[in-house]
Number of protein chains: 2
Amino acid sequence: MSTDPAPARRRPTHRKGRATLTRASVGQAALDFLGRHGPAELTMRALATELGVSPRALYNYVDDRRDLITVAAEIFESAWQPPPLDPAPDRWRDTLRAYCRDLRAHYRRHPGMTTLALTENITTARHPTMLRNVDALIGFFTEIDGTGLPPREAYLACMESIRQVVGFVEFQDRPHDRPPPHLDPAELRQSPPPWLREGIEDLPHLRRAAEHPHPELPDSVFEFTLDVLVEGIAAAAGRPTS
Amino acid sequence: MSTDPAPARRRPTHRKGRATLTRASVGQAALDFLGRHGPAELTMRALATELGVSPRALYNYVDDRRDLITVAAEIFESAWQPPPLDPAPDRWRDTLRAYCRDLRAHYRRHPGMTTLALTENITTARHPTMLRNVDALIGFFTEIDGTGLPPREAYLACMESIRQVVGFVEFQDRPHDRPPPHLDPAELRQSPPPWLREGIEDLPHLRRAAEHPHPELPDSVFEFTLDVLVEGIAAAAGRPTS
DNA sequence: ACCTGAACACCGTTCAAGT
DNA sequence: ACCTGAACACCGTTCAAGT
């Protein structure tokens, strides 16, 4: 065979001055939208307006709003490139921590993506890239620290790690990054937060904490989460920290 | 003084055959509703219909839908009575595990409550009962295992424990208890779940897992989470498991 | 093939009256 | 004081045409 067959005729890339829509471009637009607005603001009408089309036009590429969010979630998952993991005894803790920090940053870049996946009941880890990442993380846990975890525990440790990161972003970072409008953002940078500082006269430990408030960055709280995760997994590997 | 003053005239307890509404009863009705329906179905109109009033009537007791959910969340928090904690070296692990199991069961009884609090940006731990529980849990961590955790770490361990339970319910239990309609519930009781069993030809660890599927109850996955949490906190206490 | 515009059945919320 | 019913501005989605 001399040359490749001529590529199939491409569909036009533009129409009426704007780029033609595709399933992927609509999903990408939705993901971008979530980087700029809250999840409730992502409506079919708002996205259509932003794309310069009528709401009905979106339905030529996605089935419905749930499908739109599914596409956005797949693009979101495929867009993360994890840092390297190293199961060597003196390396696995640090590389796992770096891995989780990077995953947290990725989720944080698109606040609302997780929330929407939750409210729309969308199962994640659907994109091949994400499957590859999951597989590599399981493999990492089967090898950590020399002996490694047995298959079931390696699988559970993988899911546990991801869940910890996602849970932290949802329950710790999101209220911090997008506080309810009635709260003073400066108050949120203190520990304990304002709602744990009222009506605590008879509660000795919260009272003591409130008397000595100190700045607490989410980053340092996350390090504590990583302490618990890493050492908890180390214990599961039958290797208590030395 | 002879007798107590006559109690203030009570408002009538019934009106037109049905119980009169109050802020608390409306919130309780919303919480009950969440035990029976999904979070998206909790609309002002649906709740009003269930209570036998017009939607407008609800606005005499709550400011708006967000306020309604706030009331429901406060009732939800006040309705939990935690099992006892014991910081003794040979007891703290087991009592902490029982505590987390019970908290998980409480959240699970009202699926959607957490999701709604998230989507409506409602800060939790507002009810005095919940504050008391938080205070007691911090106190527990300051005493575990003899030496206990320092105040900051005890506070962080408390928040970490609660976040782990809530995260587990949201990300593990909820998809399991209320699967998306297109998934076969029987498939969900297997490990790995169906979406980790397709397109994995080149992924050795997922492939091996898929070749040996086994029933995996959420309860046993939760025990792994507790393993990691408890031993991780034990390590933070400077006391690796023996 | 892909779009628009009108329409339908919802939703939260408010207004103007009722009793 | 507390309610109803109508109304408004939204939303997701669909229908009937346009080009």
Side-chain angles (χ1 to χ4, degrees), chain A residues 8-27 29-30 33-34 37-72 112 115-117 119-122 180-181, chain B residues 8-27 29-30 33-34 37-72 112 115-117 119-122 180-181:
Chain A
R9 174 102 73 93
R10 293 183 189 281
R11 295 162 60 216
T13 60
H14 285 75
R15 180 177 177 128
K16 282 200 187 173
R18 45 146 253 274
T20 48
L21 302 179
T22 64
R23 185 171 165 83
S25 76
V26 168
F33 191 98
L34 286 177
H37 306 93
E41 294 165 65
L42 176 57
T43 65
M44 302 298 278
R45 291 170 131 98
L47 191 64
T49 300
E50 197 167 85
L51 290 169
V53 294
S54 76
R56 172 65 181 86
L58 302 181
Y59 288 87
N60 293 321
Y61 306 96
V62 295
D63 296 336
D64 48 29
R65 184 169 182 261
R66 188 174 184 279
D67 190 39
L68 170 71
I69 294 166
T70 304
V71 183
T115 310
L116 278 182
T119 57
E120 297 292 331
N121 239 357
I122 291 166
Chain B
R9 174 101 72 92
R10 292 182 190 281
R11 297 162 59 216
T13 59
H14 285 76
R15 178 177 178 129
K16 282 200 188 173
R18 47 145 250 274
T20 48
L21 302 179
T22 63
R23 186 172 165 83
S25 76
V26 168
F33 191 97
L34 286 176
H37 307 93
E41 293 166 67
L42 175 58
T43 66
M44 303 297 279
R45 292 171 132 97
L47 190 63
T49 300
E50 196 166 85
L51 290 170
V53 294
S54 76
R56 173 64 180 86
L58 301 181
Y59 288 87
N60 293 321
Y61 306 96
V62 295
D63 295 337
D64 48 29
R65 183 168 184 263
R66 189 174 182 278
D67 190 40
L68 170 71
I69 294 165
T70 305
V71 183
T115 311
L116 278 181
T119 57
E120 297 293 331
N121 239 359
I122 292 167

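Proteins come first, then strands; the chains are lettered A, B, ... in the order of their sequence lines, and each starts at number 1.
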Under 3.5 Å, N/O pairs linking protein and nucleotides 8-10 of chain D:
none

Can you identify which nucleotide, out of C:dC3, D:dC3, C:dT13, has its nearest atom closest to the B:Asp64 side chain? C:dT13
Tell me every residue that passes side-chain contact (heavy atoms from CB on, under 4.5 Å) with B:Arg45, counting only those two or more places apart in sequence or in another chain. B:Thr43, B:Pro55
A:Tyr59 atom OH is separated from C:dA1 atom P, nearest whole Å, by 22 Å
What side-chain hydrogen bond (donor to acceptor under 3.5 Å, both in side chains) pairs are there with at least one residue in residues 47-56 of chain B, not counting sequence neighbours? B:Arg36-B:Glu50, B:Arg56-B:Asn60
Verify the contact: side-chain N or O of B:Tyr61 to OP1 or OP2 of D:dA1, cut-off strictly under 4.0 Å; return yes or no. no
Distance in angstrom units between A:Leu58 CG and C:dC3 P, rounded: 9 Å
Suppose we screen for side-chain hydrogen bond (donor to acceptor under 3.5 Å, both in side chains). Which residues come up paired with B:Thr70, at least two apart in sequence or across chains? none
Indicate whether OP1 or OP2 belonging to D:dC3 is found under 4.0 Å from a side-chain N or O atom of B:Asn60. yes
Residues in side-chain contact (heavy atoms from CB on, under 4.5 Å) with B:Ala30, at least two apart? B:Leu42, B:Leu47, B:Leu68, B:Ala72
Please check: side-chain N/O of B:Arg66 versus main-chain N/O of B:Asn121, any donor-acceptor pairing under 3.5 Å? yes
Between CG of B:Leu68 and C1' of C:dG12 the distance, given in whole Å, is 12 Å
Dot-bracket pairing map - DNA chain C, Watson-Crick plus G-U, both contacts under 3.5 Å, | cross-strand: ||.|||||...|||||.||
Sequence neighbours left out, what passes ring-ring contact (aromatic ring centres under 6.0 Å, His included) with A:Tyr59? Give chain and number order. none
Excluding sequence neighbours, so at least two apart, what forms salt bridge (charged side-chain N to carboxylate O under 4.0 Å, His left out) with B:Arg23? B:Asp67
Within residues 47-56 of chain B, those residues having any heavy atom closer than 4.0 Å to DNA chain D are B:Val53, B:Ser54, B:Arg56
